[in-house]
Amino acid sequence: MLAIFDLDETLLAGDSEHLWCEFLIEQGLIDGRYYKNNNDQFYQDYQNGCLDMDAFLRFSLRPLTQFSLSHLYALRKDYLKQKIAPIILPEACKRIEEHRRQGHTLLIITATNRFITGPIAAMLGISQLLATEPELGPEGYSGNIVGEPCFQHGKVVNLRKWLNTNPHNMADSCFYSDSYNDLPLLQAVQHPIVVDADDKLYQHAVTHNWERISLRG
C-alpha cells in the first residue's frame, strides 16, 4: 500500500510555511508589518479555500531570494528546532510507524515548498516527498517555481507523475489530510482519511462516510 500524508495541520499541529514567515519576522530579517499582515491574510484565504496560489508563491518565496544559501540553511536549522520540533504530533508519528511496520510505502505530499518541508520529512523519517519546488540556481533561489504547484488538483498531477516511475497506484493507496483544499486527491485514492478536518471537509466526509480521525491526542 501507498500511505500518503498531508503535512501541515495533519502531521504537524500548525502550518510550517506560516511559521517560517513568523520566524523570519521574529528574527528581524523581513518587514514585520508587511509580512505579518499578508502572511495572516494568505493563511486565512487558504483555510477559506480561496487562496490565490500564484500571488502567495510570489510572496512566500521572496525571502528565499534575499539571503545566501549558507545563511538560509543556518536560519532553517534554528527554525526547525524552535518552530517545528514542538508541533510534531506524537499520534501522527505512531500512525506513520504503523504503516511502516506493515511495509507500506510512505509519502508526504504538501503545497509548502521543499526548502521548508524537505528537512521536516526527514525529521518524520519519510524519504519520499512531493512538494512545491522552488527554483534554485547557481547563485541561490530565484523566487520562481519549477513545475506545477503541489496544491489542490496540482497534488494529483504531481502524484501521477511520481507514480509513472514508482511501482504503486491509486487503487492501493490512502491519503490523510485535514483540508478541503485536498479534496481532489482525497477523491482519487482508495482510502481517504480525514484528520482533524476543517468544517467544510468534515461535512463532506460525513456525507460520503469517509474515515474520520484525530491525531491531536
Going by the rule side-chain hydrogen bond (donor to acceptor under 3.5 Å, both in side chains), which residues pair with [X] if we only count those two or more places apart in sequence or in a different chain?
X	result
E135	S142
Q190	none
K94	E91
E148	none

Among the clusters formed by ILVMFWY side chains lying less than 4.5 Å apart, do [X] and [Y] turn up in the same one?
X	Y	result
L29	I116	yes
V189	L106	no
Y73	L24	yes
I96	I87	yes
L64	Y34	yes

Passes side-chain contact (heavy atoms from CB on, under 4.5 Å), N113 versus L61? Steps please. CA-CA 8 Å; N113 72 75; L61 296 178; 3.8 Å; yes

Where [X] and [Y] come nearest, the two heavy atoms and their spacing:
X	Y	answer
R114	P119	O-CD, 4.2 Å
I193	C174	CD1-CB, 4.1 Å
A205	V194	CB-CG2, 3.7 Å
P63	F67	O-CD1, 3.2 Å

CD of E139: more than 12 outside heavy atoms within 6.0 angstrom? no

Distance, nearest 0.5 Å, that separates [atom1] of [X] from [atom2] of [Y]:
X	Y	atom1	atom2	result
N158	E133	CG	CD	8.0 Å
K77	L72	NZ	CG	15.0 Å
L11	I126	CG	CD1	6.0 Å
Y35	E22	OH	CD	14.5 Å
N38	R58	CG	CZ	11.5 Å
L186	F175	CG	CZ	5.0 Å

Please evaluate residues Q128 and I108 with respect to the criterion side-chain contact (heavy atoms from CB on, under 4.5 Å), reporting the C-alpha separation (whole Å), side-chain torsions for both, the decisive distance (0.1 Å), and the verdict. CA-CA 6 Å; Q128 298 291 338; I108 289 174; over 6 Å; no

Please list, chain by chain and in numerical order, all residues satisfying side-chain contact (heavy atoms from CB on, under 4.5 Å) with [X], sequence neighbours excluded.
X	result
R160	V156, M170
H168	L2, T105, W162, L163, N166
S68	S70, H71
K200	Y180, D198

State, yes or no, whether a side-chain contact exists between [X] and [Y] at a heavy-atom distance under 4.5 Å.
X	Y	answer
K155	D182	yes
L129	L107	no
C93	L124	yes
L51	Q152	no
L19	F23	no
F59	C21	yes
I109	L159	yes
E17	F56	yes

Using atom types as modelled and distance alone, determine if a side-chain donor or acceptor of [X] lies under 3.5 Å from a backbone N or O of [Y].
X	Y	value
N48	C50	no
D78	K81	no
N181	G49	no
T132	C150	yes
D8	S16	yes
T110	A131	no

State, without any angle test, whether S179 and D6 hold a side-chain donor-acceptor pair at a distance under 3.5 Å. no

Walk me through it: do D45 and D52 pass the test side-chain contact (heavy atoms from CB on, under 4.5 Å)? CA-CA 8 Å; D45 289 346; D52 181 335; over 6 Å; no

Which residues pass the salt bridge (charged side-chain N to carboxylate O under 4.0 Å, His left out) test with D40, sequence neighbours left out? K36

Among residues at least two apart in sequence or on other chains, which ones pass salt bridge (charged side-chain N to carboxylate O under 4.0 Å, His left out) with R95? E98

Pairs under 3.5 angstrom only: tabulate donor-acceptor contacts from the side chains of residues 210-217 to other protein residues two or more places apart or in another chain.
unit_1: R212; atom_1: NH1; unit_2: W210; atom_2: O; d: 3.0
unit_1: S214; atom_1: OG; unit_2: D196; atom_2: OD1; d: 2.6
unit_1: S214; atom_1: OG; unit_2: R216; atom_2: N; d: 3.2
unit_1: R216; atom_1: NH2; unit_2: E9; atom_2: O; d: 3.4
unit_1: R216; atom_1: NH2; unit_2: E9; atom_2: OE1; d: 2.9

Using 30° and 60° as the class boundaries, would you call the ring planes of Y46 and Y43 parallel, tilted or perpendicular? parallel

Apply the test side-chain contact (heavy atoms from CB on, under 4.5 Å) to residues T112 and I120: give CA-CA distance (whole Å), side-chain angles for both, the deciding distance (0.1 Å), then the verdict. CA-CA 11 Å; T112 302; I120 300 175; over 6 Å; no

Keeping to residues at least two apart or across chains, list the ring pair (Phe, Tyr, Trp, His ring centres under 6.0 Å) pairs with something in residues 100-156. W20-F115, H99-H104, F115-Y141

